[in-house]
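A short worksheet on the structure shown next.
The shown structure was predicted, so the numbers you read here are calculated from the model rather than taken from an experiment. Below, chains carry the letters A, B, ... as their sequence lines are ordered, and counting in each starts from 1.
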2 protein chains.
Amino acid sequence: MRSPTVQDSDLSARAKIREAALRLFGTSGFGVSLRTIAQAARVSPGLVIHHFGSKDGLRAAVDESVLSVFLERFDSLPKDLPADLLSRAMANIFSDVLGPSPDIRQYLRRCLLDETPAGTTIFDEMVVATRRGLELLERRGGIRSDADPEWRPFQVLSVVLGPLLMEPVMQRNIGEPAYAPDVVRRRTSANLDFLSRGLFTRAADTRAEPMP
Amino acid sequence: MRSPTVQDSDLSARAKIREAALRLFGTSGFGVSLRTIAQAARVSPGLVIHHFGSKDGLRAAVDESVLSVFLERFDSLPKDLPADLLSRAMANIFSDVLGPSPDIRQYLRRCLLDETPAGTTIFDEMVVATRRGLELLERRGGIRSDADPEWRPFQVLSVVLGPLLMEPVMQRNIGEPAYAPDVVRRRTSANLDFLSRGLFTRAADTRAEPMP
DNA sequence: GCGGATGCTGAATGTCTGTTCAATTCAGGA
DNA sequence: TCCTGAATTGAACAGACATTCAGCATCCGC
């Protein structure tokens, strides 16, 4: 079993191109030239077209490969997992996949902006899964009953995805890689505390606007 | 006083180009051609270069104009505002600026990804301001003393910026514009509740991983 | 050993890019 | 009225782009 982003040369040329594209699309955006990608994969520009048909085809292939990483692991979750274990298992999927792979992190950030079909699927899937997890959790009494069901999933997702999107900002401000194992552990613990008890001691006025 | 993103024709050509660029950079990325921008501003391609020197110069001008919208309003905050009012005032800046202007929202999303100098400044400024606001609030007893000071600012920012970054995802899932005034009001109220009291009833195990 | 398919190359093609520039229009001061 | 400088245009240019294609190499079934 290997990390999905190895850059060793024992991959097929097709796979090497796809990995290079994942990395370069993530770091430099979809604007990178096929020549640059081909060069990174140590392959001729023509071969990229030969394998993927077009630049859009290449993008679709990268999309699909990233999507499949998540869907495979979502599908392999036992269907009858208790709610609290389910939410934890889902969380572990993200830390397992995103933690060790900066390439996938960067690419996902782009997806959130550019609204490629796969990106749309991934994030919609996350909303649905999060909402369902919260509903299960609620039925078992794990959630405050007066929390707004409409916004709950997005609040959780904001906390989960925030670090992904603010990775460079965080890095500048805390002085160490935002996804180093130790940093992830500290942040995870702080986020659990935050999700469990909030931040403020009391709301001055519930109908006012503290943060938009 | 006018909205900063009007597209009326009573603007100078220079301003019309900058507004068109703001909109097109935001929606289509920095990859859009000068010709497209010029056409949107009803102006010749040469004039864009004449006014801004180069495409990068145009981008810098757009960056600066967005940055100044925020900095001006940050600077106009009374320095001796009580902490709770300060955090509310800062929040209002965001809802005032972002709410009515989809162009600025989109452009800010790009900035978070592409790490242009202005984007870096804006978000670093936000971290600093948020941290300072929380420290003031803490001194007045408005914050749980055992909340982790290292992650507090990012947790708040995640909640604040989450909707900005997930705008399309939200829109698909709630079926109405994520920044419609009424939607903003409901979300704001839910977020205040979330920040004040959290979501879960109790943490099963503080050292485990609920969400990464 | 042979034939066809497949992997792969690198030069060529036409389109689109940012940028230049000579020419034109136009407003305002002398 | 003329002059000057700025605003504006559109044609032109070189380079980069995605894509095509004819050709070479390499494998696999026969």
Which whole-number value in Å describes the distance from [X] [atom1] to [N] [atom2]?
X	N	atom1	atom2	result
A:L34	C:dT13	CG	P	20 Å
A:F52	C:dG7	CZ	P	12 Å
A:L47	D:dA25	CG	C1'	13 Å
A:I49	D:dT20	CD1	P	7 Å
A:L58	D:dC17	CG	C1'	15 Å
A:I37	C:dC8	CD1	P	17 Å
A:Q39	C:dG10	CD	C1'	14 Å
A:I17	C:dT9	CD1	P	8 Å

* Asked: side chain to side chain contact (heavy atoms under 4.5 Å, CB included) with B:R105: which of B:L165, B:L164, B:V97?
  -> B:L164
* Asked: Would you say A:S33 reaches D:dC17's phosphate, i.e. side-chain N/O to OP1/OP2 under 4.0 Å?
  ->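 For D:dC17, OP1 or OP2 has a side-chain N or O of A:S33 closer than 4.0 Å.
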* Asked: D:dA6 phosphate, OP1 or OP2: any side-chain N/O from B:H51 under 4.0 angstrom?
  -> no
Classify the nucleic acid contact of [X] as base, sugar-phosphate or nothing, counting any heavy atom under 4.0 Å across all strands shown.
X	answer
A:R35	base
B:H50	base
B:V43	sugar-phosphate

* Asked: Sub-3.5 Å donor-acceptor pair from the side chain of B:R14 to the main-chain atoms of B:H51, do we have one?
  -> yes
* Is B:L58 close to B:L34 at the side-chain level, that is, under 4.5 Å between some pair of heavy atoms? ->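 Yes, close enough: below the 4.5 Å cut-off.
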* Separation between OH of B:Y107 and CG of B:D63, rounded to the nearest 0.5 Å ->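 Answer rounded to 0.5 Å: 3.5 Å.
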* Do B:R109 and B:E167 sit within salt-bridge range, that is, some charged N less than 4.0 Å from a carboxylate O? ->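 Not counted as a salt bridge, because no side-chain N and carboxylate O are separated by less than 4.0 Å.
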* **5′-ward residue of the pair B:F30/A:G46 relative to DNA chain C** => A:G46
